[in-house]
Amino acid sequence: MTPAPVASPTPVPTTRWLRRNLDEQARSRVADVERVPLASASAPGGTPRMVTLGEIASVRSGPGSQQINRKAQLREILVTANVERRSAGDVARDVTEALGALSFPPGYRVSRQGSSQDMAESLHYAKQALLLAVVFIYLILTSQFGSFTQPLAIMASLPLSLIGVAIALPVCGSTLNIFSTIGFIMLMGLVTKNAILLVDFANKAIQAGATRMAALMEAGRVRLRPILMTTLAMVFGMLPLALGLGEGGEQRAPMGQAVIGGVIASPLLTLLVVPVLYSYLDAFGAWSRGRLAKRSTAAPLAQGDLEQGARLK
């Protein structure tokens, strides 16, 4: 809690100042402290005008702080606590709700600092990185496949991996933190490779003369083996990280657990969802190209009819 600063028109000596400058006999009683001389405004002759402390302040005994902490030119009272058997995010959320139910006097405000503030900033930057990753993936896939619709079918595997992450973290006893968020960002580039294998094979089969349905069936049969091989390779590669082996491994374990959950769920759902979306999007793309082709051919015909009519006149 940070109270508003209170302006003081004249400097009042604190107990520490009195102990450093006055003898024990001169500060043993309140009356002695009230007679402490202070320099005030200068007289017309230039000499300082002296007043006593009792004339400008009230002296009384009472408890006081040993030191005054300030931040951003405001007085600060810092309250710290550690977290045990609960995640820092859950505790910070409960503390925020409890403080929101309190009413503070004017001039006081509450701000979070320390690990909770760092975690909030890290999650904000992680969301920005996740958004940029999705945008860059779409741009790269669009340039590679030469289509604006086929990358949408490939990127459908991205939200499907969230199902595996949502199941893996509670099963392993982990929570959504900065490390699991980093693992989910890694999934953006890992889970799309399954859909890329399917779509690329289907495109080549269609170009060779196969129908859309036959191409998708053949793509699922042929690409199943490499999809399973790469998935198992990533799962066993991330297994030591997910088990938390080594010094400080417990902190990094949610990253491996999120990656494993995502790469296991993504192939199972990708083989079912991506072919369906691909068929609908490919049909929509063929319909759009047909409409554009009709318009492009109708425009020269209309121009030719106008020229022929002008000649007849």
Side-chain angles (χ1 to χ4, degrees), residues 89 118-172 174-203 219-220 223-224 226-244 251-278 280-282:
D118 296 339
M119 184 177 63
E121 293 179 355
S122 301
L123 289 176
H124 176 69
Y125 295 141
K127 292 178 182 178
Q128 293 181 348
L130 180 61
L131 179 61
L132 290 177
V134 173
V135 173
F136 289 148
I137 289 173
Y138 179 76
L139 294 177
I140 292 174
L141 293 177
T142 301
S143 62
Q144 291 293 323
F145 287 93
S147 173
F148 290 101
T149 57
Q150 289 185 359
L152 297 178
I154 296 174
M155 296 180 65
S157 58
L158 299 181
L160 297 179
S161 62
L162 276 176
I163 300 176
V165 176
I167 295 175
L169 291 180
V171 169
C172 298
S174 300
T175 58
L176 183 63
N177 51 33
I178 184 60
F179 289 98
S180 56
T181 305
I182 294 174
F184 181 66
I185 295 175
M186 294 172 58
L187 282 174
M188 297 297 99
L190 296 176
V191 299
T192 54
K193 54 90 181 173
N194 300 327
I196 291 174
L197 292 175
L198 287 174
V199 173
D200 183 65
F201 188 92
N203 288 338
R223 295 304 190 187
L224 177 60
I227 288 175
L228 293 178
M229 291 173 61
T230 54
T231 300
L232 292 176
M234 285 187 291
V235 168
F236 285 105
M238 284 289 177
L239 195 58
L241 181 62
L243 294 177
Q251 188 177 12
R252 299 185 298 269
M255 183 191 305
Q257 295 164 2
V259 172
I260 291 177
V263 297
I264 289 177
S266 178
L268 301 176
L269 299 174
T270 298
L271 293 173
L272 299 175
V273 177
V274 172
V276 176
L277 290 177
Y278 175 84
Y280 282 108
L281 293 174
D282 188 67

Does S266 reach the main-chain N or O of V263 with its side chain, forming a donor-acceptor pair under 3.5 Å? no
Working to the nearest 0.5 angstrom, can you tell me the gap between R252 CZ and I182 CD1? 11.5 Å
State, with a plain yes or no, whether a side-chain heavy atom of I163 is found less than 4.5 Å away from one of I167. yes
Taking all heavy atoms of Y138 and all of F148, pick out the closest pair and write down the distance. OH-O, 3.0 Å
P151 and S147: which non-hydrogen atoms are nearest, and at how many Å? CD-O, 3.2 Å
How far does CE of M188 sit from CG of L131, to the nearest 0.5 angstrom? 11.5 Å
Between P267 and T231 the two heavy atoms that sit nearest each other are CG-OG1, 3.3 Å
Run the side-chain contact (heavy atoms from CB on, under 4.5 Å) test on Y278 and L198 for me, step by step, so that the C-alpha distance in whole Å, both residues' side-chain angles and the decisive distance to 0.1 Å come before the verdict. CA-CA 10 Å; Y278 175 84; L198 287 174; over 6 Å; no
Just verifying a value: how many Å separate L232 CG and I264 CD1, rounded to the nearest 0.5 Å? 8.5 Å
With V274, the side chain to side chain contact (heavy atoms under 4.5 Å, CB included) member among I154, L197, V199: V199
Do the non-hydrogen side-chain atoms of F179 and L241 ever get within less than 4.5 Å of each other? no
Quick check: closest heavy atoms across V259 and L187, and the distance to 0.1 Å? O-CD2, 3.6 Å
Rounded at 0.5 Å granularity, tell me how far OG in S157 sits from NZ in K193. 10.0 Å
Stepwise, does the side-chain contact (heavy atoms from CB on, under 4.5 Å) test hold for L272 with V276? CA-CA 7 Å; L272 299 175; V276 176; over 6 Å; no
Residue pair M238 / M186, side-chain heavy-atom distance below 4.5 Å: yes
Which pair of heavy atoms, one from P170 and one from V165, lies closest together, and at what distance? CD-O, 4.3 Å
Do L141 and I196 have side-chain heavy atoms sitting under 4.5 Å apart? yes
Could you walk me through whether L152 and L277 pass the side-chain contact (heavy atoms from CB on, under 4.5 Å) check? CA-CA 8 Å; L152 297 178; L277 290 177; over 6 Å; no
Could you report the tightest heavy-atom contact between A126 and T181, atom names first, then the distance? CB-CG2, 3.4 Å
From CG (D282) to OG1 (T149), nearest 0.5 Å: 7.0 Å
With rounding to the nearest 0.5 Å, note down the distance linking OG1 in T230 to CZ in R223. 11.0 Å
Is any side-chain heavy atom of L271 less than 4.5 Å from a side-chain heavy atom of L224? yes
